[in-house]
Protein chains: 2
Amino acid sequence: MLKRIIMPKKTRPTVRDVAALAGVSVATVSYVVNGRDDRIGADTRERVLAAVRDLGYAPNSSARGLRKRRTERVCLVIGSLGSPVQEQLVRDLHAAADDDGYGVLTLIVDSPAHAAHATRLLRQGVADGAVFFDSARHFGDLGELARGRLAMVVVDNSVTPDGFDVVRTPEYEACGEALDHLLAAGRRRVAFLGHRHDLELGDRSARLTAYRDALRRHGLGADGRLVGAGADSRVEGYRATTALMGLPEPPDALFVASDRAAISAIWAVRDTGRTVPADVAVLGVGNLAEGSVIRPALSTVGQRQVDFSRVARLLFERLAAADPPGSREIVLPWSFIPREST
Amino acid sequence: MLKRIIMPKKTRPTVRDVAALAGVSVATVSYVVNGRDDRIGADTRERVLAAVRDLGYAPNSSARGLRKRRTERVCLVIGSLGSPVQEQLVRDLHAAADDDGYGVLTLIVDSPAHAAHATRLLRQGVADGAVFFDSARHFGDLGELARGRLAMVVVDNSVTPDGFDVVRTPEYEACGEALDHLLAAGRRRVAFLGHRHDLELGDRSARLTAYRDALRRHGLGADGRLVGAGADSRVEGYRATTALMGLPEPPDALFVASDRAAISAIWAVRDTGRTVPADVAVLGVGNLAEGSVIRPALSTVGQRQVDFSRVARLLFERLAAADPPGSREIVLPWSFIPREST
DNA sequence: CTGTTAGCGCCTTCAG
DNA sequence: CTGAAGGCGCTAACAG
């Protein structure tokens, strides 16, 4: 009892504390804090703001979320750290969120276990909306989440809209164009280094399918030894390429499903004494900034100007809408970006 | 009115809905949901769980947080995406959180603006605890956050404990050892490529200071042209190295403050027709897995076995403790890891 | 212009 | 073993 009075408060200040200190009611504090102070006198407002500062008051987000039935937070669900494309997404989403007074939380989901984890948090209402990027494949039923009143935008090519918006990238077409270029230039042994999940997906992987179809278009048979994993990281790209170059009939072109690994691949090719692109052409995916700086500059496939502001806008439109808009679908512009490595 | 009855419920189910469907009281539902079901009959429990499944019920985290005055969530505040060391931290923190039934949110803070953003969320009680990694420098007063009843562990060398635990890495000593090795081997023009913030920090940057002190120990003067930015990304590492190699008197060794940039540096050196390590030695920092795979393998400085489980444990000890433990300080083992590039 | 007050959904004594 | 009730901190009617 006595402790209460003597000790500094161990619990964070509430509206009531602020109200008491400023000599006003809790409603007034709430109005001031929320910017609804058209009805509040200037002097009163100042007293409240001073009390807020003195006490270090910040409104409790649980209480506010409970009352308003919105958290004013959005969630970015991404598949992994380490890909610079995502940095742009982070930036664009933060920018859009700031405009609307929202906070951004990030959930890293690179396995079904993390997806379950994320699903639980999202269903518990940790945020009002979410953008899924490079992570949708780990989730079971995204539609169920959307039905739980979560505004959602999913960047993925193989998911079907179901109460949420879908953003697609025409990977298949752009990769096909790039591969045609390679094959038209006379390359005859083109290898494919995919992500592990490209190989698991098989026919449902746009990149792998684009590769197979391009070979077929040019009358070339598939050689199983030229298809494998290696796009998931720089290390794997280096290793897989080294192995490929040790083959009795090594490839004369490499289609690598990520720029990061493609850059390692260039390095690996050169470490076996060959030249890029003279001996071996290398083609990446993603249009990483780094690719345009290295020598030879990396030919790639992706957005010319990496920009996710449209994705962010979709989410905040959804959040602002009184009635949820129907499931929309947009397509980001992808193209073949030829440089020096092919 | 009629709509209410006809339309599927637009709002998420609550304990009351579950209780009504299962034919029990809300208290019973709460007991079952929270595993306090020693007092509940097995059949009753089954009915409740069935209702939970049918309705797709998940307890509202705002309401629960308000009532329990804890969110059972922790926050990872990291400085950027893209560094694989952080992947290990993410993994280790998730593992520890799962054990204790906590959720993990990630906040990306690579600027003071993002720090303000994060501070607001944290002060609003979005999580019970937080680990700061590679981000502390963007914050003004971490002590104030800790006083706001947030359990905190800060991984940073220049912050002083103030109601939170601090984890340090003996960078200065380990870098010094590595540089001594370089200089003892006869290198005379050693360049330093730092992060932008190393250069801003000046004397307070362990890596830059280690560099300057090592030169001094070996009786070498400082050459301003050999010190610059370039560690922040692969691209910058490549560019900065290329510039350095174009100098009238190019360096014979490069100390690069990140492994990622150091790897680019090796490449850039070779692209100017020189050999690593014969012409130019390259030393990185961080012990990135990739560094041990490339040829020549990258000499570096860091944790031999990258492991942050102790960091995570610190946080969860703090959360479990009734009374906050005093500010603790631990030191992670860092060492010089010589390989082929020096 | 400011104060009073009724919940938001949940957990947890306290009775029964 | 189960039900009723209070209150966590906040916002938004509604009074005054």
Side-chain angles (χ1 to χ4, degrees), chain A residues 9-49 51-52 55-73 101 123-126 128 148-149, chain B residues 9-48 51-52 55-73 101 120 123-126 128 148-149:
Chain A
K9 287 195 68 142
K10 266 330 267 179
T11 119
R12 295 177 43 198
T14 76
V15 265
R16 310 175 65 110
D17 299 319
V18 177
L21 182 58
V24 297
S25 78
V26 294
T28 305
V29 174
S30 177
Y31 286 136
V32 171
V33 167
N34 292 297
R36 288 254 154 296
D37 45 4
D38 14 328
R39 28 207 308 191
I40 305 291
D43 50 341
T44 311
R45 180 173 55 231
E46 276 317 310
R47 278 215 316 286
V48 171
L49 290 176
V52 165
L55 260 29
Y57 169 77
N60 178 295
S61 76
S62 291
R64 168 185 285 220
L66 177 57
R67 178 61 235 238
K68 302 188 68 161
R69 305 164 106 197
R70 317 177 296 157
T71 59
E72 292 180 346
R73 268 178 250 138
R123 294 194 358 135
Q124 290 177 348
V126 72
D128 304 330
R149 298 180 37 63
Chain B
K9 287 194 68 139
K10 267 330 271 179
T11 118
R12 295 176 43 196
T14 77
V15 266
R16 309 174 67 109
D17 298 319
V18 176
L21 182 58
V24 298
S25 78
V26 295
T28 306
V29 174
S30 178
Y31 285 137
V32 171
V33 167
N34 292 295
R36 289 254 155 296
D37 45 5
D38 12 330
R39 26 206 312 190
I40 305 291
D43 50 343
T44 312
R45 179 173 57 231
E46 276 317 311
R47 277 213 318 286
V48 171
V52 165
L55 260 29
Y57 169 77
N60 177 295
S61 76
S62 291
R64 167 183 285 216
L66 178 56
R67 176 62 233 246
K68 303 188 70 161
R69 307 162 103 194
R70 318 177 295 157
T71 59
E72 292 181 345
R73 269 179 250 137
R120 183 154 41 97
R123 293 197 354 138
Q124 290 177 348
V126 72
D128 304 329
R149 298 179 40 61

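So that the names make sense, note that chain A is the first sequence line, chain B the second, and so on, each numbered from 1. Just so it is clear, the values below take in all heavy atoms, side chains as well, and ignore hydrogens, waters and symmetry mates.
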Atom pair distance, as rounded to whole Å: [atom1] in [X] and [atom2] in [N]:
X: A:Leu66; N: C:dG7; atom1: CG; atom2: C1'; value: 9 Å
X: A:Leu55; N: D:dG9; atom1: CG; atom2: C1'; value: 15 Å
X: B:Arg16; N: C:dC10; atom1: CZ; atom2: P; value: 10 Å
X: B:Lys68; N: C:dT12; atom1: NZ; atom2: P; value: 5 Å
X: B:Asn60; N: C:dG7; atom1: CG; atom2: P; value: 18 Å
X: A:Arg64; N: D:dA12; atom1: CZ; atom2: C1'; value: 13 Å

Touch class at under 4.0 angstrom, heavy-atom based, for B:Thr28 against every strand present: sugar-phosphate
Sugar-phosphate, base or nothing in reach of A:Thr44, heavy atoms under 4.0 Å: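 If one applies the 4.0 Å heavy-atom cut-off, A:Thr44 turns out to touch the sugar-phosphate alone, with no base involved.
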Passing option when A:Val18 is tested against A:Val33, A:Val29, A:Val32, A:Thr28 for side-chain contact (heavy atoms from CB on, under 4.5 Å): A:Val29
5'-most by nearest nucleotide on DNA chain C - A:Val26 or A:Asp43: A:Asp43
Distance-minimising heavy-atom pair for A:Asp128 and A:Glu72: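 The answer is OD2-N, 2.6 Å.
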Closest heavy-atom pair and its distance - A:Val48, A:Ala22: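 Looking at all heavy atoms of both residues, the closest pair is CA-CB, 4.0 Å.
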Below 4.0 Å: OP1/OP2 of D:dT11 and any side-chain N or O of A:Asn34: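 Checking D:dT11 against A:Asn34, a side-chain N or O does come within under 4.0 Å of OP1 or OP2.
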Side-chain N or O of B:Arg69 closer than 4.0 Å to phosphate OP1/OP2 of D:dG9: yes
Residue met sooner reading DNA chain D from 5', once B:Tyr31 and A:Val29 are mapped to nucleotides: B:Tyr31
Closest-nucleotide ordering on DNA chain D, the 5'-leading residue of A:Ala63 and B:Ser25: B:Ser25
Straight-line distance of B:Arg64 CZ to B:Ser30 OG, nearest 0.5 Å: 7.5 Å
Gap separating the OG1 atom of A:Thr71 from the CD atom of A:Gln124, nearest 0.5 angstrom: 13.0 Å
Shortest side-chain distance from A:Thr14, nucleotide among D:dG9, C:dG3, C:dC10: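 Given the options D:dG9, C:dG3, C:dC10, the side chain of A:Thr14 is closest to D:dG9.
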Out of D:dG6, D:dC10, D:dG3, whichever nucleotide has its closest atom nearest the side chain of A:Arg67: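 Closest nucleotide to the A:Arg67 side chain: D:dC10.
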